[in-house]
Amino acid sequence: MDIKSIEKIVSLSKRRGFIFQSSEIYGGLASTWDYGPLGVEMKNNIKNLWWKDMVTSRRNVVGMDAAILMHPEVWEASGHVSQFHDLMIDNKLTKKRYRLDHLLEKQPGNVLHKIANKLKIKFYKMEVHYPSIIYSKVIKTISESHEDIDLNGLGILDYYNIIKPLEGDWTVPRQFNLMLKTSLGATADSDDITYLRPETAQGIFVNFSNVVTTARQKLPFGIAQLGKAFRNEITTGNFLFRTREFEQMELEFFIYPEDAKEQLEYWSQQRLEWFKKLGVRAEKLRLRAHDKDELAHYSTACYDIEYEFPFGWSELEGIADRGTYDLDQHNKHAQKKQTYFDQVNNQHIVPSVIEASAGVDRAFLTCLVDAYHEEEVNGEQRIVLKLSPKVAPITCAVFPLVNKDGLPEISEKIFTEIQTEFSAFFDQGGSIGRRYRRQDEAGTPFGITIDHQTLEDNTVTLRDRDTMEQVRIPADQTLNKLREKIQSI
RNA sequence: GCGGGUGUAGUUCAAUGGUAGAACACCAGCCUUCCAAGCUGGAUAUGUGAGUUCGAUCCUCAUCACCCGCUCCA
């Protein structure tokens, strides 16, 4: 795939009705996209496949669907209110942007000393970790006093890709709150501030006890949820890849803490396999363990499932060992016990959690990118989405070869029958080749064509999208054949 | 947010300081042929807002959006 391929995907998405830009007639809204008629079918297919694989087919996982709006204290407890404030600082000379905490980690002692002096941090405890103390102080100053802090002239070095570190011309550190605020109630008082959830996970954690007492599950067991989440990403982009509103598929799997390592491995493999089951090419997928310094504040170990997009290897899903962090936090903040009674050892414990958190929109984009092919057929270019029949928005298209001799009537009948079970599309317009091509672009794996031979022996042709080969089958067997084909995948 | 690029029809492109043209796609009709290629007709565009100008799609500014990079994450 060449460098322009994302643009080709965007163009195809619009042309065929997968994805439209949000509020397009008003000039669009940054990084928000709407799913069109084909897009919503495919997205639903992906979500259903996840739900089936993670919930319905497992006896130790249950589902739930929490509200997007939650009590603001949920986010105090989860750490999102304080921790989601990453400070950014730009080097105007090299045009590079850094997270301030990452940059501070790389500074030599004498520079840290100068910064500490400037911020009036005392240097008396030798064992403390100065970068984090400095970082906290900067956050405190900015958020409480709303003062800008000028870090120029202290010799802070720019380390990005530079062998000999340079001093920078730095912007003031800026704060980004990644949660979207909203206000509840018709009169917008400041007391009514709440947040659109930045992850679905907390909806699961705050319901942990409810589920334990109602679902009759024993450790280890999981709670899964699918839903929208919102983040004020600093930089959005790459089409659907990073958006402010997105949809998550999350599993929180509660375990005995000592099983964490084993369970993390298990779920990482399970989730990798799931993406393969979507039809994504295995060689474009990989499982990557996080380095220590990549880990989120709640996590002690983490794997990413990554896909090789035209813009590079990027994360589709994170499988993380969150330990007991979340339940501990809610224990503390809500002052309500978030524990599990372990009958084997006759004691209350706080279970550890393995989280598998995937982005629906990213899975969708992966399917689209992975399926996109340009081929040459008889000297003409063919664009075809080689989507798995399980995710393709239209499973089967039905065509009367010509628009007379009763062929449309027979076709309609077959179409109606297929429609009872599969997503189908009826097309009687234009040459048959043109109609096949249209469906190729939509990723429709099968096509049924009713021709003159149908009138003689009641057979129709079944066309395969990828090979373009056709076989004749009895007209009354179309539904069975489709079932067979799909089940064999 | 910073730097670079881009914005004309559904898509891909063209053109011009004097109000826009093509290809493909789309719609209707004709034709009836198994892989986008026939015939006739049709609808559709200068992202938005200011400024300069007699006149702006073109020049200037702002803004919005998209793409690439920094950064972040599902």
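In what follows, every chain begins at residue 1, and chains take the letters A, B, ... in the order their sequences are listed.
When the P atom of B:C2 is taken as reference, atom CG of A:L103 falls 20 Å away, rounded to whole Å. Protein atom CD of A:Q381 is 14 Å distant from nucleotide atom C1' of B:A25, rounded to whole Å. One atom, CD of A:Q428, and another, P of B:C27, lie 11 Å apart when rounded to the nearest Å. Following rounding to the nearest Å, A:L462 (CG) and B:C35 (C1') show an atom-to-atom distance of 15 Å. If you take CG of A:D405 and C1' of B:U33, they are 13 Å apart, rounded to a whole angstrom. Atom P of nucleotide B:U11 and atom OH of A:Y372 are separated by 14 Å, given to the nearest angstrom.
Nucleic acid contact for A:I432: sugar-phosphate only, since backbone atoms but no base atoms lie under 4.0 Å from a heavy atom of the residue. Residue-level contact check: A:E441 touches the bases, meaning some heavy atom is under 4.0 Å from a base atom.
Because its glycosidic torsion is more than 90° from 0, B:U12 is reported here as anti.
An OP1 or OP2 oxygen of B:A37 is reached within less than 4.0 angstrom by a side-chain nitrogen or oxygen of A:S431. For B:U11, neither phosphate oxygen OP1 nor OP2 lies less than 4.0 angstrom from any side-chain nitrogen or oxygen of A:R15. Phosphate contact (OP1/OP2 of B:C68, side-chain N/O of A:N238, threshold under 4.0 Å): present.
A donor and an acceptor atom, one from each side chain of A:T459 and A:D457, are located under 3.5 Å apart. Residues A:S78 and A:Q202 have side chains that never bring a donor and an acceptor to within less than 3.5 angstrom of each other.
Side-chain proximity of A:M468 to the nucleotides B:C35, B:A36, B:C68 is greatest for B:C35. With distances taken from any side-chain atom of A:W33 to the nucleotides B:C67, B:U71, B:C35, the minimum falls on B:C67. Distance from the side chain of A:E315 is smallest for B:A74 among the nucleotides B:G10, B:U32, B:A74. The side chain of A:R438 lies closest to B:C26, out of B:C26, B:C34, B:U32. Checking B:C35, B:U11, B:C73 against every side-chain atom of A:F241, the shortest atom distance belongs to B:C73.
Checking side-chain atoms of A:H290 against main-chain N and O of A:R288 turns up no donor-acceptor pair under 3.5 Å.
Looking at A:R465, A:R16, A:R463 one by one, the single match for salt bridge (charged side-chain N to carboxylate O under 4.0 Å, His left out) with A:D440 turns out to be A:R463.
Nucleotide B:C39 forms a Watson-Crick or G-U wobble pair with B:G29, both donor-acceptor distances falling under 3.5 Å. For B:C66, the paired base is B:G5 (Watson-Crick or G-U wobble, both distances below 3.5 Å).
The two residues A:K228 and A:R197 make their nearest non-hydrogen contact at O-NE, 2.6 Å.
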